[in-house]
Every structure is written in structure tokens, then in C-alpha cells.
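Residue numbers start at 1 and run along the sequence shown.
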Amino acid sequence: MSIRKPPETYTVEEWRAGHRDQLLTGAFVLCQAAHAPMKAQGGGKIVNIGSMMSIFGGAYAAPYSSSKGAIVQMTKSLATAWARDNIRSMRCCPAGSTPN
């Protein structure tokens, strides 16, 4: 979900819906669900999808850009936390990635 409009016009509800609930929480819950089976099998790889907007931002996509940035940082945190379990966590930021 991406509501495209000037950042000063977002409501808190639009921010929450676009930022936390749709993109970031979904990715986190899926990573959590993957941890136990991967650990049990001796390791695995998680690939989260970021966006070039997580690096450069988007003038009319503040919730999307910031949530993708949060996914990048979350992925780094999971990589550090789960390295001992032989679970690699990485991210891909496609150049052509735009909000749907």
C-alpha cells in the first residue's frame, strides 16, 4: 500500500497503515515464523525486499520510503541476532522498485 501525497498531508492513520502495518510488521512476522524451522534444519537464508526509496526517499511516498528503510535496518538486526543459528538475513533493493 502506498498513498502518494505531500508528507504534510498524511493523517496518522494513513502513516500507520502504510508504514507499520502493511510493510514492516508483515515482513517481521514472516521472518519470525521462518526462524524456528531454519534453526531446526541447521540454518537458512532470509531475503527481504527493500527499495531504492529506502536510500533516496520519495517526495510523495514518506510512509513507504521510511518503512522500506526500516526493513533494511531490521534485516541487519536479524542478521546479527541469528548468525549464531547459521541463518543469513539479507536484503535486496531493486533499482526499479516503486510502490504498488
Side-chain angles (χ1 to χ4, degrees):
M1 180 186 124
S2 181
I3 300 168
R4 295 184 148 225
K5 60 188 200 176
E8 68 274 11
T9 65
Y10 285 106
T11 66
V12 172
E13 292 76 23
E14 289 170 331
W15 175 265
R16 286 183 179 145
H19 186 264
R20 185 186 66 218
D21 298 336
Q22 294 294 322
L23 296 169
L24 185 56
T25 301
F28 179 69
V29 168
L30 289 172
C31 289
Q32 271 191 321
H35 179 265
M38 286 185 178
K39 184 176 178 179
Q41 71 182 14
K45 295 174 180 70
I46 295 170
V47 179
N48 287 314
I49 306 301
S51 167
M52 291 306 287
M53 282 193 178
S54 68
I55 299 166
F56 301 113
Y60 293 101
Y64 178 85
S65 298
S66 61
S67 66
K68 287 297 188 172
I71 286 173
V72 169
Q73 293 304 315
M74 177 194 72
T75 302
K76 290 178 182 181
S77 295
L78 297 179
T80 302
W82 295 345
R84 68 181 181 276
D85 299 325
N86 197 32
I87 298 171
R88 294 183 63 200
S89 181
M90 60 205 95
R91 54 96 175 126
C92 173
C93 291
S97 178
T98 57
N100 296 337

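Within the 4.5 Å cutoff, the side chain of Ser89 has no heavy atoms near those of the Cys31 side chain. With a 4.5 Å cut-off on side-chain heavy atoms, His35 and Ile87 count as touching.
Of all non-hydrogen atoms in Gly42 and Asn86, the two that sit nearest each other are O-ND2, 3.0 Å. When all heavy atoms of Glu14 and Thr9 are compared, the pair lying nearest together is OE1-O, 3.9 Å. Here the closest heavy-atom approach between residue Lys68 and residue Ser51 is recorded as CG-CB, 3.8 Å. Across Cys92 and Pro94, no two heavy atoms sit closer than the pair O-CD, 3.3 Å. Shown here for Gly69 and Ser54, the closest heavy-atom pair between the two residues is N-CB, 3.3 Å. Nearest heavy-atom pair, Ile49 versus Ile71, reported as atom, atom and distance to 0.1 Å: O-CG2, 4.1 Å.
The 12-atom threshold is exceeded at OH of Tyr10, counting heavy atoms of other residues, nucleotides or ligands nearer than 6.0 Å. Heavy-atom neighbours of Lys45 NZ from other residues, nucleotides or ligands within 6.0 Å: at or below the threshold of 12.
Val72 and Tyr64 sit in two unconnected hydrophobic clusters of ILVMFWY residues. Membership requires side-chain heavy atoms under 4.5 Å apart, directly or through other members.
To the nearest 0.5 Å, atoms CD1 (Ile46) and CZ (Arg88) are separated by 11.5 Å. Asn48 CG to Leu23 CG: the interatomic distance, rounded to the nearest 0.5 Å, is 11.5 Å. Between atom OG of residue Ser67 and atom CH2 of residue Trp15 there is a gap of 8.0 Å, rounded to the nearest 0.5 Å.
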